[in-house]
Amino acid sequence: MPPPPLGANTWIWVSPLTDAALDTLAPKIATWGFDLIELPVETPGDWHPARTAALLAEQGLRVGVCAVMAPGRDLTTSDQAIIEATRDYLRHCVEVAATVGAKVVGGPIYAPTGVAMVLEPDERRVAVDRVATGLAPLLDEARAAGVTLALEPLNRYETSLFNTVSQALELVELLNHPALGLLLDTFHLNIEERDLPTAIRTAGHRLAHVHACANDRGAPGRDHLDWPGIRAALADIDYRGALTIESFSSGNRSIATAASIWRPLARTQDEIATEGLQFLRDLFTS
Ligand code: LER
Ligand code: MN
């Protein structure tokens with residue numbers, strides 16, 4: 001496995017992302033030696049894709065896009081207007097990705113983040129089928145744009161629909177489309193999977209993107225995760241995607257609340273990026 005591209009998600013510093021924030025963050029992230037920057041689309045129009053494409057080309061940065069499942073974005077509902085609005089949002093993310101040159105749009109592209117409740121098995125079946133029906137028409141469009149949608153299972157406190165790799169894989173295999181894969185986030189895997197390397201091997205060729213975070217959401221490496229085991233599993237499945245450090249600032253009230261970040265996870269947010277990058281570089285080149 002060649003060393004993977006390593007990225008930083010702008011949520012480490014800001015929410016929502018703006019053009020002004022990108023003007024500062026993109027050069028910083030490039031200078032530190034990251035290969036890639038990951039850009040959340042919270043509200044369409046927060047930042048401008050064509051302008052950003054020019055900025056990132058100048059900085060020599062590759063790019064990933066995150067779909068953000070805010071309240072009202074939901075494919076599990078029976079409300080057709082909400083399904084259509086969610087599809088329109090996901091289409092917009094694919095267009096943004098095509099404009100900035102991203103190959104992957106990742107995120108929990110099925111239900112609003114933070115909505116967790118009891119689901120009886122038959123209710124879950126209905127919800128999963130609705131997600132399949134909701135996503136299906138988008139996949140040929142994504143493929144035509146050269147973009148893969150990467151569905152991210154989340155921990156049990158953030159969703160009740162897809163917590164494990166096996167659950168998410170069920171949907172991905174049901175749709176069995178080259179433009180649909182998985183995004184695995186080590187923070188969520190650590191809560192839900194009995195063995196992280198096994199979970200990664202289970203995802204296999206469906207794995208399209210990875211969020212690399214410490215078990216406490218801080219810099220990868222300063223934690224108890226089995227990083228050599230994670231690296232070995234990625235090598236075994238011949239993973240060719242990127243790893244992006246995703247963390248959140250406790251100083252930004254709305255994103256801190258959404259991600260349950262109640263304390264700083266490092267002395268500075270920059271340190272999460274720089275120490276995480278150093279650790280991941282060493283991990284994949286040693
Ligand atoms: C949130 O916990 C997360 O991992 C994000 O990538 C999804 O919004
Ligand atoms: Mn994530």
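As the structure lists them, so they are numbered: ligands from 1, and atoms in each ligand from 1. Note that the structure is predicted; figures quoted are calculated from it, not measured.
Residue-ligand proximity, Asp185 to ligand 1, at heavy-atom distances under 4.0 Å covers atoms 4 (O).
Of the protein's heavy atoms, Glu246 OE2, 3.1 Å lies nearest to atom 5 (C) of ligand 1. Taking atom 8 (O) of ligand 1 as the reference point, the nearest protein heavy-atom neighbour is Pro108 CD, 3.8 Å. With hydrogens left out, the protein atom closest to atom 1 (C) of ligand 1 is Glu158 OE1, 3.4 Å, a heavy atom. Glu152 OE1, 3.3 Å is the protein heavy atom nearest to atom 7 (C) of ligand 1.
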**Request:** Go through the steps for Asp88 and Arg91 under the test salt bridge (charged side-chain N to carboxylate O under 4.0 Å, His left out), then give the verdict.
**Result:** CA-CA 5 Å; Asp88 286 346; Arg91 277 194 186 100; 3.3 Å; yes
**Message:** Show, in sequence, the C-alpha distance, side-chain angles and deciding distance for Val65 and Val41, and conclude whether the side chain to side chain contact (heavy atoms under 4.5 Å, CB included) test is met.
**Reply:** CA-CA 7 Å; Val65 166; Val41 178; 3.9 Å; yes
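Distance alone, capped at 3.5 Å, is enough to place a donor-acceptor pair between the Trp47 side chain and the Pro40 backbone.
Side chains of Asp74 and Thr76: a donor on one and an acceptor on the other come within 3.5 Å. Between the side chains of Glu158 and Asn155, at least one donor-acceptor pair of N or O atoms lies under 3.5 Å. For the residue pair Glu38 and His209, a side-chain donor N or O sits within less than 3.5 Å of a side-chain acceptor on the partner.
Taking 4.5 Å as the limit, some side-chain heavy atom of Leu265 sits within range of a side-chain heavy atom of Ser247.
The Mn ion (ligand 2) is closest to atom ND1 of His211 (considering only N, O or S atoms). The nearest N/O/S atom of Glu152 to the Mn ion (ligand 2) is OE2. Considering just the N/O/S atoms of Glu246, the one nearest the Mn ion (ligand 2) carries the name OE1. Per residue Asp185, closest N, O or S atom to the Mn ion (ligand 2): atom name OD2.
When the heavy-atom distances from atom 4 (O) of ligand 1 to His188, Met69, Glu38, His211 are ranked, the shortest goes to His188.
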